[in-house]
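One structure is given here, and the rest of the page talks about it.
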Amino acid sequence: MKILKWILISLAALLALVFVVLFTSLGNSLVKPYAEKIASEKSGMNITLETFKLRLFSLDVRANINECLTASANGSYSLFGLKFDLDLAAKSNDLTKFGVNLKQESSVAGKAVGRASDFDVKLDGVFVSSPLKLDAKVVGYNPKTLNFNATKLDLKTLLALANQPLYATGSVGVDANLVDFKGDVNVKTANVVADVGLIKKQFGAELPVNFKVALVSKTALDLNAMTTVTNANVTTPLATLKATNAAFDLNTTTLNAGYTLNVPNLAKLEKLISYKLNGAFTGTGIVKFDKTLYATLNSNLFKSTLKAVLNNDKITANMAKFRIEELLYMANLKKVYTGEADLVANYNLTSKSGGADVNVRAGQLAASDVTNAIKMLLKRDVTTEIYKNGTFNVAVKQNDVSVKTDLKSNKSTIKIANGKLDLGTKKLNIPIAFTFEKTDVNATLGGSLDKMTYNIKSNYLADKAKEKATKEVNRFIEKKLNGKGGEAVNKLLDGLFK
């Protein structure tokens with residue numbers, strides 16, 4: 001009995017000692033430095049316990065973390081039932097010591113209620129200048145639900161946090177609702193305006209002043225499978241982009257998305273692409289990424305359908321039975337030809353080179369300064385000639401474009417042996433050789449795309465003019481000079497018409 005008595009006394013003494021160490025002011029002061037040391041070592045952060053009051057049924061703990069964040073928890077708990085009802089709070093005015101470039105107030109406060117295996121957490125606060133709400137539920141030690149809402153996250157601050165230049169101002173709203181690691185994440189921007197000066201400096205792209213960008217997206221997130229599926233709309237003064245069923249696999253970093261691109265006024269792209277286009281453009285397609293980029297584009301253009309493919313850095317495109325005059329209009333070129341043709345084109349983004357082959361099914365020259373000059377000189381309307389099965393070839397290397405053409409009709413031919421166009425300066429030099437039966441006309445298009453010049457010559461007309469002039473002069477010589485001096489006149493005419 002004495003042994004049992006001493007065992008009970010020893011156990012009671014041990015429990016009393018544990019109580020003193022854990023749940024009294026004296027004990028808390030003894031435990032505090034050890035708790036700080038263990039917490040700092042385990043977290044890799046500098047943690048100081050400013051308040052450490054652990055009682056049998058309550059606690060009050062306030063910690064300073066990395067000298068820039070204070071966090072506290074106080075309330076009641078049951079050690080044996082593992083229940084708790086705690087008030088939580090955290091606040092910081094400078095998170096740079098966490099490696100986060102944020103020097104503004106961030107704070108949350110709320111409650112955690114339940115037991116270790118099943119509890120609810122509700123927090124309200126401010127982060128990146130936005131009100132913040134978080135509501136989470138844990139069931140069976142596993143997160144069950146998570147609702148997160150931040151209505152007005154400052155975009156400049158977010159860019160700074162991501163170590164990015166401040167390309168835009170405005171705000172971003174995020175609303176996420178997850179159950180069993182699955183749910184929707186909605187994102188919406190407000191009053192986003194691009195810094196066009198910075199963008200021009202960084203990328204050389206010139207955007208219109210007051211360039212506003214609006215984004216609305218909804219993402220189905222599955223953290224179990226680590227996949228997302230997003231539908232989004234991006235609206236700017238120049239274009240709108242709609243992404244549909246954009247599936248991204250976080251495990252393999254692969255992407256598969258559908259899209260629609262609409263540019264209502266191509267002329268507004270002039271400052272951006274340094275070239276003026278006309279008309280509007282709408283295209284649809286898919287984008288895939290699996291180590292390399294693959295994309296398709298389909299568009300109703302020029303009364304035909306454009307089908308294009310981007311495979312890594314190579315672009316291929318084709319159109320059947322498109323209208324040439326509509327292509328010339330969109331490209332902001334003179335309407336020199338009307339007709340129907342087929343197109344096969346390719347371009348390499350890395351080398352900035354490529355080409356296009358056009359098979360002209362049937363077409364004719366449109367009325368222009370050149371055709372009007374030919375009509376005046378030859379007394380023939382060449383715009384009535386129908387050209388079939390002709391070819392038009394374009395080769396591009398950087399800014400240099402070369403052009404070749406071979407068109408034939410029943411009575412005439414049109415050839416461009418080596419036309420040149422500089423996309424940088426917009427200067428062109430395109431020699432056109434035209435024949436109509438026995439008549440020839442050589443026209444050179446020069447100047448620039450903005451102000452084109454014409455130089456027209458004809459050996460046939462020169463010979464005709466010389467022959468006619470020689471006859472008239474010979475008559476004069478016969479009449480006035482009795483036939484003398486004819487050789488000298490012929491030399492003069494040779495000099496005029498050769």
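Basis for what follows: all heavy atoms, side chains included, without hydrogens, waters or symmetry-related copies.
Closest of all the heavy-atom pairs between Leu238 and Pro264 is O-CD, 3.7 Å. Nearest heavy-atom pair, Ser274 versus Lys426, reported as atom, atom and distance to 0.1 Å: O-CE, 4.2 Å. Contact record, Ser130 with Ala150: OG-C, 3.5 Å, taken as the closest heavy-atom pair. A pairwise comparison of heavy atoms in Ala232 and Leu215 identifies CB-CD1, 4.3 Å as the closest pair. Nearest approach of Leu269 to Val263, heavy atoms of both residues: CD1-CG1, 4.1 Å. Minimum heavy-atom separation, Tyr337 to Gly363: OH-C, 3.2 Å.
For the pair Glu340/Ile324, no side-chain contact is recorded, criterion being any heavy-atom separation below 4.5 Å from C-beta on. Phe302 is listed as a side-chain neighbour of Met319, based on a closest heavy-atom distance under 4.5 Å. For the pair Asp154 and Ser171, the minimum side-chain heavy-atom distance is 4.5 Å or more. Between Leu132 and Val108 there is a side-chain heavy-atom pair separated by less than 4.5 Å. Contact check for Lys156 versus Leu159: no side-chain heavy atoms found under the 4.5 Å cut-off. Contact check for Tyr294 versus Val287: no side-chain heavy atoms found under the 4.5 Å cut-off. You'll find the side chain of Lys182 reaches within 4.5 Å of the side chain of Asn224, heavy atoms only. No side-chain heavy atom of Leu301 sits less than 4.5 Å from a side-chain heavy atom of Phe322.
Remark: the Ser353 side chain and the Gln398 side chain contain no N/O donor-acceptor pair separated by less than 3.5 Å. Under 3.5 Å, the side chains of Asn278 and Asn332 contain a donor-acceptor pair of N or O atoms. There is no side-chain donor-acceptor pair under 3.5 Å between Asn348 and Asn346. At a cut-off of 3.5 Å, with distance as the only test, no side-chain donor of Asn312 or Thr292 sits close to an acceptor on the other residue. In summary, the side chains of Thr230 and Ser217 do not present any donor paired with an acceptor at a separation below 3.5 Å, with no hydrogens or angles considered. Using modelled atom types, one finds no donor on one side chain facing an acceptor on the other under 3.5 Å when comparing Asn177 with Asp184. Using modelled atom types, one finds no donor on one side chain facing an acceptor on the other under 3.5 Å when comparing Glu325 with Thr338. Between the side chains of Tyr387 and Thr413, no donor-acceptor pair of N or O atoms lies under 3.5 Å. If you check the side chains of Thr391 and Asp406, you find no donor sitting under 3.5 Å from an acceptor.
Between the OG1 atom in Thr384 and the CD atom in Gln364 there is a gap of 7.5 Å [rounded to 0.5 Å]. How far CG of Leu158 is from CD of Gln164: 11.5 Å, rounded to the nearest 0.5 Å. Rounded to the nearest 0.5 angstrom, Asp222 CG and Thr227 OG1 are separated by 4.5 Å. The NZ atom of Lys212 sits 5.0 Å away from the CG atom of Asn210 when rounded to the nearest 0.5 Å. Rounded to the nearest 0.5 angstrom, Leu343 CG and Asp357 CG are separated by 8.5 Å. Within the model, atoms CG of Leu421 and CG of Asp400 stand 9.0 Å from one another, a figure rounded to the nearest 0.5 Å.
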Let's go through Val229 and Phe248 carefully: what are the C-alpha distance in whole Å and the side-chain angles of both, what is the deciding distance for side-chain contact (heavy atoms from CB on, under 4.5 Å) to 0.1 Å, and is it a yes or a no? CA-CA 6 Å; Val229 178; Phe248 184 69; over 6 Å; no
Which is it for Thr282 and Asn262 under the side chain to side chain donor-acceptor pair (under 3.5 Å) test, yes or no, and what are the steps along the way? CA-CA 4 Å; Thr282 298; Asn262 180 45; 2.8 Å; yes
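No side-chain donor-acceptor contact under 3.5 Å links Thr244 to the backbone of Asn231.
In this structure, Phe211 has its ring center at least 6.0 angstrom away from the ring center of Tyr167.
Salt bridge annotation for Lys427-Asp422: absent, with no cationic side-chain nitrogen under 4.0 angstrom from a carboxylate oxygen. Under 4.0 Å is where a charged nitrogen must lie from a carboxylate oxygen, and between Asp342 and Arg361 at least one such pair does.
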